[in-house]
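Written below as structure tokens is the structure these notes are about.
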Amino acid sequence: MAYNHKEIEEKWQKYWEEHKAFKTDAHDFSKPKFYGLIEFPYPSGNGLHVGHPKSNTAIDIISRKRRMEGYNVLYPIGWDAFGLPTENYAIANKVHPAEVTKKNVDRFRTQLKKIGFSFDWDREVNTTDPSYYKWTQWIFIQLYKKGLAYKAEIPINFCTSCKVGLANEEVVNGVCERCGGEVIQKVKSQWMLKITEYAERLYDDLDQTDFIERVKIQQRNWIGKSKGAEVDFKIAGTDEKLTVYTTRPDTLFGATYMVISPEHKILEKLDIQNRDEVVAYQKEAAKKSEFERTELNKEKTGVMLKGVMAVNPVNDEEIPIWISDYVLASYGTGAIMAVPAHDERDWDFAKKFDMPIIEVVAGGRDVNEEVYTDVNDGIMVNSGFLNGMKVKEAIAAITKFLEEKGIGHAKTNFKLRDWVFSRQRYWGEPIPMVYCEKCGWQPLPEESLPLKLPFTESYEPTDNGESPLSKLTDWVKTTCPKCGGPGTRETDTMPNWAGSSWYFIRYVDPHNDKCIADPELLKHWMPVDWYNGGMEHTTLHLLYSRFWHKFLYDIGAVPTSEPYQKRTSHGMILGSNGEKMSKSRGNVVNPDEIIDEYGADTLRMYEMFMGAFDQEAPWSTESIRGCYKFIERVYRLLENVTPEEDYSKDFESTMHKMIKKVSEDYEKMKFNTAIATMMSFVNDVNKKGSITRGEMKTFLTLLNPVSPHITEEMWDQLKFEGRVYEQTWPTYDEAKTIDSEIEIPVQVNGKLRGKVVANKDASKEEVESLVKANDDIKRFIDGKEIVKEIYIPGRMYTIVIK
RNA sequence: GCCGGUGUGGCGGAAUGGCAGACGCACAUGACUCAAAAUCAUGCGGGAAACCGUGUGGGUUCAAGUCCCACCACCGGUACCA
């Protein structure tokens with residue numbers, strides 16, 4: 001009865017499919033619900049990657065366990081199928097993207113089914129399906145109606161050699177990722193989404209979630225909340241004022257000059273004596289790409305505005321104004337007060353252009369030699385009424401002062417920028433908007449959705465950076481939904497992130513043609529209980545989908561303000577050389593080959609066993625054999641099963657310990673140690689020579705979530721009732737996890753010197769007498785003065801001698 | 001630079017402040033075999049030993065891989081955000 005993984009896995013996959021074993025009745029509210037989610041894959045032409053099964057198996061394990069714990073489980077799958085790689089592949093191979101997508105999806109489906117995930121396959125969604133993107137478009141229209149979608153002139157990345165607009169992800173080190181060509185900024189009118197309006201809530205509501213800490217931190221950093229104040233500076237001899245944003249209003253007395261960004265609009269209104277010089281600098285700055293401004297140009301540059309002075313509102317001193325590209329137009333007010341003594345960038349600038357440096361916070365070294373930015377220990381000096389205060393007190397005092405005088409106020413700023421939502425591409429959702437000369441931009445009537453992506457063979461990019469759809473004159477020319485006059489369609493499409501920002505909502509009710517999903521069902525099923533995915537999606541997909549969800553919550557379309565209760569993240573699987581897997585590095589492992597050789601049960605187990613789940617780990621073709629051998633050993637247990645339906649006496653505590661350890665480890669995603677525990681168990685069984693039916697039953701149930709096929713097969717061969725996936729999760733008795741006799745290590749002066757065996761309830765005195773009688777210990781303590789003795793019950797006996 | 005993460009045998013990795021190296025890979029020896037593979041059994045940080053060993057240097061503690069301070073290296077994110 002050799003282990004034949006192919007036969008066994010095909011058999012049970014067929015069984016599950018025929019019996020709809022993992023189909024979810026979403027209307028069954030009688031049981032508690034569990035909604036497990038993995039990031040739906042992008043069906044690329046390369047097929048499944050070994051990274052996919054890692055995340056999928058983890059949530060599959062949790063889902064299978066939850067079913068056995070009595071939950072109604074939703075564990076769905078779908079396809080995030082719009083996007084660039086498909087489009088590029090289509091262009092290169094002259095196959096329509098729709099056809100490419102269908103082929104890839106079919107391949108992915110086949111591959112995933114071979115791994116035995118307990119997905120509800122009847123809920124598949126596909127972002128390229130008009131019945132799906134109908135609702136993506138509907139959401140866009142709702143955003144537009146609430147003023148959260150708007151058009152703006154925004155520079156896009158444009159590759160001068162491919163003559164195509166590029167997504168930020170396609171620009172690597174300032175050049176085109178594909179051809180290495182120069183990337184320039186081309187200003188285009190783009191649809192933008194006002195994610196910034198939700199910045200505060202996206203930041204604060206993280207507290208309500210159970211996201212792992214590093215996800216929360218990364219999102220918080222990305223949103224970049226900072227507290228400070230806006231302060232008005234008068235321009236001497238004019239009615240103009242310059243408003244700055246600062247997080248350190250306490251240092252206002254130390255402001256020795258101001259800096260504004262080259263794009264600042266106040267420049268037009270000022271009477272600048274050296275305007276030629278200023279204009280030249282503006283031109284120079286405009287020529288630089290974002291890349292050059294940030295990467296190449298660390299050295300500070302700038303021009304002082306001649307004949308213009310600003311007035312520091314706290315001491316009426318006149319200070320000069322500079323323009324410099326180290327001040328960004330897009331953050332704060334585009335203008336700063338420079339406090340060189342206590343800001344690193346201002347210090348660098350002041351040193352280069354020889355501006356005065358005034359210390360206003362004491363506690364550092366000489367501010368002419370070294371900048372001092374500490375906010376905790378400093379005491380205010382040279383600061384009028386703030387003198388003697390600590391920085392934190394000074395911030396409060398000056399803010400109050402500014403507000404009373406009406407020259408400033410407390411202000412919170414965010415780094416987060418609005419979301420550029422337009423793509424000059426073919427393979428995406430058409431944006432359902434029409435432009436009319438008379439009425440401006442108008443959304444399509446909702447009942448006319450979906451606006452289908454027109455089928456065309458000319459989906460190649462245009463050479464002017466416009467969307468390929470712009471070439472379809474018949475489609476572009478339409479009528480205005482409002483006045484019925486002539487109108488033109490928006491030809492840009494939505495980004496990949498659109499369809500993936502709400503797919504978890506659709507899973508709940510994937511075939512609904514009345515709304516995004518039935519509110520009753522959403523009320524029961526939302527939020528997603530556990531969402532696992534890659535860290536690389538933390539600041540884009542995860543943030544975008546939280547934004548959309550909050551918006552949908554605000555308009556009453558979903559019942560929760562957060563989409564996901566818990567977010568975890570897996571570590572990447574690296575190539576065997578320790579580098580990221582990639583075609584060009586030649587270290588890619590194809591899961592098909594692994595399944596062929598060892599089977600899905602081994603693949604699943606190995607991916608869970610290879611290291612800590614949240615850590616990256618290199619693939620090893622040798623190590624995977626270890627898991628295969630273990631599964632073979634498990635299968636061979638069938639030869640030594642004894643008929644008792646209970647646990648044997650000498651294995652009772654082993655069983656209870658194992659149930660506890662495996663159950664807890666699965667919940668903590670410590671799959672590697674859960675599997676190690678089961679390996680040890682099998683080693684123990686083999687040492688003993690036999691296993692009872694009762695022990696077998698528990699063991700197979702515990703192992704089932706990791707390796708479902710082999711366990712189902714053995715269950716069947718042992719003629720246990722029902723199927724493993726229908727069983728109840730084993731429980732343990734805490735009292736029975738403790739051995740009656742325990743071994744207590746004994747230390748003398750911090751070094752392990754021996755061990756004594758005692759009853760688990762032994763008192764300190766009883767253990768002490770055992771220790772004192774122990775020859776190993778006697779050697780070290782005889783004739784020595786005992787200073788101290790410590791007994792940690794059941795764990796350690798320590799003696800300190802002199 | 002800043003923000004995260006990680007440094008433990010030949011390798012992947014275990015260890016609520018309490019026996020460092022669980023579990024597995026590789027390796028070695030033995031059994032089986034004409035032989036090899038597979039399988040099974042045993043061993044496997046260094047050192048003859050005392051002892052020494054968790055990136056480095058300090059510290060706290062009866063006891064530190066684990067806590068504190070100061071560093072170093074690698075990986076990921078971010079890029080002058082005032």
Side-chain angles (χ1 to χ4, degrees), chain A residues 2 213-218 220-222 224-226 228 244-249 251 255 258-259 261 290-291 293-295 297-300 324-328 330-339 342-346 348-349 373 413-417 535-536 538-539 571-572 574 576 578-580 605-606 609-612 614-627 629-630 632-633 636 670 672-683 686-687 743-755 787-792 794-801:
Chain A
E213 205 51 33
R214 62 195 169 119
V215 168
K216 287 191 185 181
I217 290 168
Q218 206 166 307
R220 286 200 186 103
N221 288 347
W222 186 263
K225 182 177 181 171
S226 74
V244 301
Y245 174 71
T246 176
T247 53
R248 293 291 302 277
T251 62
M258 303 187 77
V259 187
S261 66
E290 188 94 354
F291 178 70
R293 262 177 85 158
T294 56
E295 288 289 325
N297 204 42
K298 290 283 183 195
E299 181 81 357
K300 301 272 185 292
S324 172
D325 62 8
Y326 86 88
V327 172
L328 308 174
S330 51
Y331 183 78
T333 62
I336 62 153
M337 62 173 199
V339 185
H342 307 291
D343 181 280
E344 211 166 314
R345 293 147 302 175
D346 298 344
D348 290 344
F349 191 88
T373 56
N413 267 338
F414 297 92
K415 286 190 210 172
L416 188 68
R417 307 287 168 81
M535 275 313 280
E536 70 275 19
T538 304
T539 51
M572 235 190 310
L574 305 173
S576 49
E579 290 172 30
K580 202 167 165 171
M605 179 179 290
Y606 176 61
F609 183 66
M610 61 196 294
D614 59 353
Q615 229 71 63
E616 41 185 48
W619 187 271
S620 162
T621 9
E622 290 89 52
S623 287
I624 195 167
R625 276 204 57 81
C627 289
K629 272 158 62 178
F630 172 61
E632 278 190 316
R633 270 203 300 275
R636 253 180 283 134
K670 295 182 74 168
N672 54 339
T673 49
I675 292 165
T677 303
M678 292 186 282
M679 286 174 167
S680 292
F681 172 75
V682 172
N683 291 345
N686 285 337
K687 237 167 245 157
E743 199 179 48
I744 301 164
V746 183
Q747 284 187 351
V748 178
N749 278 5
K751 291 203 168 72
L752 180 73
R753 293 306 187 191
K755 290 172 185 179
V787 184
K788 205 177 194 178
E789 284 176 81
I790 303 162
Y791 177 53
I792 316 292
R795 293 205 147 269
M796 174 69 62
Y797 194 96
T798 289
I799 302 170
V800 185
I801 57 169

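First the proteins, then the strands, lettered A, B, ... as listed; each starts at 1. This one's a predicted model, so the numbers in the text were calculated from it and none came from an experiment.
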Return the value, rounded to whole Å, for the distance between atom [atom1] of [X] and atom [atom2] of [N].
| X | N | atom1 | atom2 | result |
| --- | --- | --- | --- | --- |
| A:N672 | B:rG21 | CG | P | 18 Å |
| A:Y791 | B:rG18 | OH | C1' | 12 Å |
| A:E616 | B:rU6 | CD | C1' | 9 Å |

*Which atom of A:K755 lies closest to which atom of A:P745, heavy atoms considered*: CG-CA, 4.0 Å

Between [X] and [N], is there a side-chain N or O to OP1/OP2 distance below 4.0 Å?
| X | N | result |
| --- | --- | --- |
| A:K629 | B:rC25 | yes |
| A:N221 | B:rA79 | no |
| A:Y326 | B:rA82 | no |
| A:R753 | B:rC51 | yes |
| A:T673 | B:rC23 | no |
| A:K415 | B:rC2 | no |

Sugar-phosphate, base or nothing in reach of [X], heavy atoms under 4.0 Å:
| X | answer |
| --- | --- |
| A:K755 | base |
| A:F414 | nothing |
| A:R220 | nothing |

*Kindly point out which of B:rC62, B:rC80, B:rG4 is positioned nearest to the side chain of A:R214?*
B:rG4

*Heavy-atom neighbours of A:E344 CD exceed 12 at 6.0 Å*: no

*Indicate yes or no for a side-chain donor-acceptor contact from A:S623 to the backbone of A:S620 under 3.5 Å, with no hydrogens or angles considered.*
no

_B:rG53 to B:rA20 separation - P atoms, rounded to the nearest Å_ = 12 Å

_What's the gap between B:rU8 and B:rA64 when it is taken at their C1' atoms, as a whole Å value?_
14 Å

_Assuming nearest nucleotide by heavy-atom distance, tell me which of A:E622 and A:D343 is located more 5' along RNA chain B._
A:E622

*Would you mind telling me which residue lines up with the more 5' stretch of RNA chain B, A:Q218 or A:T246, judged by nearest nucleotide?*
A:Q218

Complementary nucleotide for [N] - Watson-Crick or wobble, under 3.5 Å:
| N | answer |
| --- | --- |
| B:rG47 | none |
| B:rA22 | none |
| B:rA73 | B:rU6 |

*Is B:rG9 syn or is it anti, if syn means the base angle is within 90 degrees of 0?*
syn

_Plane angle bin for A:Y791 and A:Y797 - parallel if under 30°, tilted between 30 and 60°, otherwise perpendicular_ = tilted

*Parallel, tilted or perpendicular, as decided by the 30° and 60° cut-offs, for the rings of A:Y331 and A:Y245*: perpendicular

*asked:* Counting distance alone, no hydrogens or angles: does the base of B:rU39 have a donor or acceptor under 3.5 Å from a partner atom on the side chain of A:R636?
replied: no

